[in-house]
Amino acid sequence: MSNNLTSRKEDYSKWYNDIVKKAGLAENSEVRGCMVIKPYGFALWENMRDVLDRMFKETGHQNAYFPLFIPKSFLSKEAAHVEGFAKECAVVTHYRLKNDPNGGGVIVDPEAKLEEELIVRPTSETIIWSTYKNWIQSYRDLPLLINQWANVVRWEMRTRLFLRTAEFLWQEGHTAHATKEEAVAETEQMLEVYAKFAEEYMAMPVIRGVKTASERFAGAEETYCIEAMMQDGKALQAGTSHFLGQNFAKAFDVKFADKDNKMEYVWATSWGVSTRLIGALIMAHSDDEGLVMPPRIAPLQVVIVPIYNKDAEARQKIDNTAADIMRALRAKGISVKFDNDDTTRPGWKFAEHELRGVPVRIALGARDLENNQVEVARRDTKEKASYQLDGLTDAVAQLLDDIQQNLYNRALQFRAEHTTKVDSWDEFVKVLDEKGGFVAAHWDGTPETEEQIKEKTKATIRCIPLNNEQEAGVCILTGKPSIQRVLFARAY
RNA sequence: CGGGAAGUAGCGCAGGCCGGUAGCGCAUCUGGUUUGGGACCAGGGGGUCGCAGGUUCGAAUCCUGUCUUCCCGACCA
């Protein structure tokens, strides 16, 4: 059996690219740095989106939509913010084309220059806060809890499908609060929503933490994050939630009258996850045979593959049984497809659905039906077993739960095995080079040391875990005193 | 944006030094036989060789430019 997939061991990057393309998730487009998300990949995104959207609404948020274009002057109102994004912005300078008088197709009409250039949003804080100014007058208007699903553009120099593309899809929540405490609570609540989504739906354990000052979002007071570990031992930031303090309120003059009729600046948060989660999902679970989808987020949970022979009567019986199974599974809310395409043979279908990561495969042929059973294969372990038709629906539902749990446990164990406490510089470098993963080490708390460690090892501080154990020690680089270990890793 | 590699049929590649009517495998189409881990036989179709210039009687091949992708650096969700 050969699926022409590069193995993880051989070349991890190539394996990742092969999976994305061959499983039909996405492909590179004609536009530099941009991808086409194909139907299977988009179905996955839709599932993620639907679950998250429900979670946002359960926590009191509403969706809205703000413009793709941001006047250039808006971006410069918050100093740290513009500093952070200026280097990767696409800029609209003209609004019209015309025929090239020299006959070379169309050219930008030099007469149609915009008075003020428009920035294609790299994130929407500025346009949103300039709007919120008009929406907020009194404490009665607070909290303002808005989310938007949108595309954003960051002109990246080096791109990788899903992990880093010039344009990507995401959601960005933007909230305004009367007090600092409330805004911090919102930031933490949304981080927990992300963590829950990653762990319970994507079966991907994450570390909840806060970023150091140098890794902080441009314009934030504090950036909270969830960090996941990929199978090559590299870390991946899977979601962020920012406490923005009053920075944007001050930059855009967003004040409210409190109960004592005093004018106060509002407190803000923003939080987002993107199609990058798809990259995380792939690298957390998939194997050399292809994708492995966690059942709770899989576009397709069960596929039924018929094994026909020449006997037309048996064929009819297979079709009938498959229809019965499908009806019963669907009644339980399980997505299922009967792959009765007559142009490919069973072996082809097995390999194809493994490549696409369908969690459960049910095969049925004449031989099974004689015994009132089907063959059930699970994608995570590749185990096959015969199941009685009687009680099959419940058994499959149970199996999907088992797979979900097994994927989580497997990833959790991998992370545990690849998290190392280190107390010396030599050991630090050695672990990073030979083992990878998270390295828990003491750091003196200064950006200078952090920067030096990054230069020497390419490892960054992924986060300071929430509720981190306080433990006196000395910095692995400088030997200065430290109060706690932080998590280092090489990262995507 | 610097250093390296590559772009030839839907996919994977050969041909290129040494210029002379574009080839292989898979896929696809037709017919038939098949179906429990990527079936077999026979016949057929499909390419302005990434794009634009140049050299030449003649360019996939030589030259120049340009675009895109991949790998390695600087930057980032």
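Protein chains get the first letters and strands the later ones, always in sequence-line order, with residue 1 at the start of each.
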Please name the nucleotide paired to [N] by Watson-Crick or G-U wobble geometry with both distances under 3.5 Å, or report none.
N	value
A27(B)	none
C62(B)	G54(B)
A74(B)	none
G7(B)	C67(B)

Just checking [X]: base, sugar-phosphate only, or nothing, at a heavy-atom cut-off of under 4.0 Å?
X	answer
Tyr492(A)	nothing
Thr240(A)	nothing
Thr165(A)	base
Lys211(A)	nothing
Ala366(A)	base

May I ask you to verify if any side-chain N or O of [X] is less than 4.0 angstrom from the OP1 or OP2 atom of [N]?
X	N	value
Lys310(A)	U34(B)	yes
Arg158(A)	C1(B)	no
Arg367(A)	G36(B)	no
Lys349(A)	G36(B)	no

Determine the interatomic distance between [atom1] on [N] and the same-named atom on [M]; round to the nearest Å.
N	M	atom1	value
A59(B)	G12(B)	P	28 Å
C63(B)	G73(B)	P	31 Å
C17(B)	U21(B)	P	14 Å
U34(B)	C41(B)	C1'	11 Å
G23(B)	A14(B)	C1'	8 Å
A42(B)	G58(B)	P	43 Å
C26(B)	C62(B)	P	30 Å
C1(B)	U66(B)	P	11 Å

- [ ] Can you sort out the partners of Glu117(A) under salt bridge (charged side-chain N to carboxylate O under 4.0 Å, His left out), two or more places apart, ordered by chain and number?
- [x] Lys72(A)
Interatomic distance, [X] [atom1] vs [N] [atom2] [rounded to whole Å]:
X	N	atom1	atom2	value
Ile307(A)	G36(B)	CD1	P	7 Å
Leu369(A)	G36(B)	CG	P	15 Å
Glu370(A)	G36(B)	CD	P	16 Å
His353(A)	G38(B)	NE2	P	16 Å
Leu5(A)	G37(B)	CG	C1'	17 Å
Arg490(A)	A74(B)	CZ	P	12 Å

Task: Phe338(A): ring pair (Phe, Tyr, Trp, His ring centres under 6.0 Å) partners, not counting sequence neighbours - done: none
TODO: Apply ring pair (Phe, Tyr, Trp, His ring centres under 6.0 Å) to Phe438(A) and list each qualifying residue two or more places apart in sequence or on a separate chain.
DONE: none
With sequence neighbours left out, what residues match [X] under side chain to side chain contact (heavy atoms under 4.5 Å, CB included)?
X	answer
Lys430(A)	Glu434(A)
Val152(A)	Arg121(A), Phe168(A), Trp170(A), Glu172(A)
Glu383(A)	Arg378(A), Thr381(A)

Open item on the list: Can you tell me which residue among Lys57(A), His61(A), Gln171(A) is in a side chain to side chain donor-acceptor pair (under 3.5 Å) with Asn147(A)?
Closed with: Gln171(A)
- [ ] Sorted by first residue and then second, give each side chain to side chain donor-acceptor pair (under 3.5 Å) pair with at least one member in residues 77-86 of chain A; sequence neighbours left out.
- [x] none
Polar atoms only, N or O, under 3.5 Å: list the protein pairs with nucleotides 66-70 of chain B and their distances.
{"residue": "U68(B)", "atom": "OP2", "partner": "Arg32(A)", "partner atom": "NH1", "Å": "3.2"}
{"residue": "U69(B)", "atom": "OP1", "partner": "Gly33(A)", "partner atom": "N", "Å": "2.9"}

Presence of donor-acceptor pair under 3.5 Å, side chain of [X] and base of [N]:
X	N	value
Arg361(A)	G37(B)	yes
Lys382(A)	G37(B)	no
Asn309(A)	G36(B)	no

Open item on the list: For the backbone of Asp287(A) and the side chain of Trp15(A), can you confirm whether one donor and one acceptor N or O come within less than 3.5 Å of each other?
Closed with: yes
TODO: Would you check if the side chain of Arg315(A) reaches a backbone N or O of Lys310(A) as a donor-acceptor pair within less than 3.5 Å?
DONE: no
Show the atom names and distances, to 0.1 Å, of all donor-acceptor pairs under 3.5 Å that link a side chain in residues 230-242 of chain A to residues at least two apart or in another chain.
{"residue": "Gln231(A)", "atom": "OE1", "partner": "Arg8(A)", "partner atom": "NH1", "Å": "2.6"}
{"residue": "Gln231(A)", "atom": "NE2", "partner": "Met283(A)", "partner atom": "O", "Å": "3.2"}
{"residue": "Gln231(A)", "atom": "NE2", "partner": "Ser286(A)", "partner atom": "O", "Å": "2.8"}
{"residue": "Asp232(A)", "atom": "OD1", "partner": "Lys234(A)", "partner atom": "N", "Å": "3.1"}
{"residue": "Asp232(A)", "atom": "OD2", "partner": "Tyr492(A)", "partner atom": "OH", "Å": "2.6"}
{"residue": "Gln237(A)", "atom": "OE1", "partner": "Lys211(A)", "partner atom": "NZ", "Å": "3.1"}
{"residue": "Thr240(A)", "atom": "OG1", "partner": "His242(A)", "partner atom": "NE2", "Å": "3.4"}
{"residue": "Ser241(A)", "atom": "OG", "partner": "Thr187(A)", "partner atom": "O", "Å": "2.7"}
{"residue": "His242(A)", "atom": "ND1", "partner": "Thr223(A)", "partner atom": "OG1", "Å": "2.8"}

Under 3.5 Å between N/O atoms: give me all the protein pairs with nucleotides 7-14 of chain B, atom names plus distance.
none

Open item on the list: Using the ring centroid of each side chain, check whether Phe217(A) and Tyr224(A) are separated by less than 6.0 Å.
Closed with: no
Open item on the list: Would you say the ring centers of Phe488(A) and Phe428(A) fall short of 6.0 Å from each other?
Closed with: yes
TODO: Give me the residues of residues 227-237 of chain A where at least one heavy atom lies under 4.0 Å from an atom of RNA chain B, by number, or none.
DONE: Gln237(A)
Which pairs of donor and acceptor atoms, one on a side chain in residues 34-46 of chain A, lie under 3.5 Å apart (sequence neighbours left out)?
{"residue": "Tyr40(A)", "atom": "OH", "partner": "Arg356(A)", "partner atom": "O", "Å": "2.5"}

